[in-house]
Amino acid sequence: MSEKAPGLEEYSPSRLEWFAVFLNSFIHYTSTQIDTVFIPENDGKTILLHMRYGKDINAHVLEKHTERTKTYAQDMAKRYGWDSWIEINVSQEHY
């Protein structure tokens, strides 16, 4: 009997991991100036909204993008009935 390659092994993601993948599949269409990714945290209830942006980004644009992206994630959590336990934290850095 041969072992499966690591990429073929069965894996069941947690709801938090699944939610991060779901959000990431849509979020890349919102801004070309700001790199945005959702990362599931290890506490089982927090999604980190991590954004990287160039030093020349307009502060108003960054603020609006952050607000819209966080609201989008909160709205999606609500659609699944998960808004009572999912927390969304924001991390920003410039490159």
Side-chain angles (χ1 to χ4, degrees):
M1 175 185 271
S2 63
E3 289 187 33
K4 290 184 179 181
L8 296 175
E9 290 182 30
E10 291 185 29
Y11 174 77
S12 296
S14 67
R15 290 190 293 178
L16 196 64
E17 290 169 322
W18 178 89
F19 191 57
V21 170
F22 172 80
L23 292 172
N24 286 326
S25 70
F26 289 101
I27 209 61
H28 296 289
Y29 300 108
T30 62
S31 176
T32 57
Q33 298 175 310
I34 305 167
D35 297 331
T36 305
V37 65
F38 288 95
I39 303 166
E41 296 282 40
N42 291 329
D43 66 359
K45 63 180 181 178
T46 306
I47 294 276
L48 177 64
L49 166 55
H50 182 72
M51 295 179 287
R52 284 181 22 122
Y53 54 92
K55 59 185 171 200
D56 59 339
I57 191 84
N58 178 295
H60 179 70
V61 170
L62 179 61
E63 181 181 331
K64 282 296 187 188
H65 176 74
T66 303
E67 182 182 307
R68 280 190 302 244
T69 305
K70 188 172 180 181
T71 298
Y72 172 77
Q74 290 167 330
D75 289 347
M76 289 298 104
K78 189 173 187 173
R79 290 183 99 187
Y80 286 97
W82 297 349
D83 55 316
S84 64
W85 61 269
I86 286 182
E87 297 176 20
I88 301 168
N89 291 338
V90 177
S91 169
Q92 298 176 336
E93 68 174 301
H94 68 277
Y95 54 87

Say you draw a straight line from [atom1] of [X] to [atom2] of [Y]; how long is it, rounded to the nearest 0.5 Å?
{"X": "Asn42", "Y": "Leu48", "atom1": "CG", "atom2": "CG", "answer": "11.0 Å"}
{"X": "Gln33", "Y": "Met51", "atom1": "CD", "atom2": "CE", "answer": "13.0 Å"}
{"X": "Asp43", "Y": "Asn89", "atom1": "CG", "atom2": "CG", "answer": "8.0 Å"}
{"X": "Thr69", "Y": "Phe26", "atom1": "OG1", "atom2": "CZ", "answer": "14.0 Å"}

Under the side chain to side chain contact (heavy atoms under 4.5 Å, CB included) rule, collect the residues that match up with Trp85, sequence neighbours excluded.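 For Trp85 the side chain to side chain contact (heavy atoms under 4.5 Å, CB included) partners, ignoring immediate neighbours, are Arg15, Leu16, Lys45, Trp82.
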
Using the side chain to side chain contact (heavy atoms under 4.5 Å, CB included) criterion, which residues pair with Val21? Sequence neighbours excluded. none

Pairwise side-chain contact, Thr36 with His65, heavy-atom cut-off 4.5 Å (strictly under): yes

Between Glu87 and Glu41, does the side-chain contact (heavy atoms from CB on, under 4.5 Å) criterion hold? Intermediate values first, please. CA-CA 10 Å; Glu87 297 176 20; Glu41 296 282 40; over 6 Å; no

I need the minimum non-hydrogen distance between Pro40 and Ile47, along with the two atoms involved.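 That would be CA-CD1, 4.3 Å.
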
Could you tell me which non-hydrogen atom of Lys70 sits nearest to which non-hydrogen atom of Leu49, and how far apart they are?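 In this case the closest contact between Lys70 and Leu49 is N-CD2, 4.0 Å.
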
Who pairs with Thr71 by side chain to side chain donor-acceptor pair (under 3.5 Å), at least two apart in sequence or on another chain?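 In terms of side chain to side chain donor-acceptor pair (under 3.5 Å), with neighbours along the sequence ignored, Thr71 is linked to no residue.
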
How would you list, by chain and number, every residue that makes a side chain to side chain donor-acceptor pair (under 3.5 Å) with Ser14, sequence neighbours excluded? Glu17

Residue pairs passing the side-chain hydrogen bond (donor to acceptor under 3.5 Å, both in side chains) test with at least one member in residues 47-61, sequence neighbours excluded, are His50-Ser91, His50-Glu93

Under 3.5 Å donor-acceptor, Asn24 side chain and Phe38 backbone: yes

Scan the side chains in residues 73-81 for donor-acceptor partners under 3.5 Å anywhere in the protein, sequence neighbours excluded, and list what turns up.
none

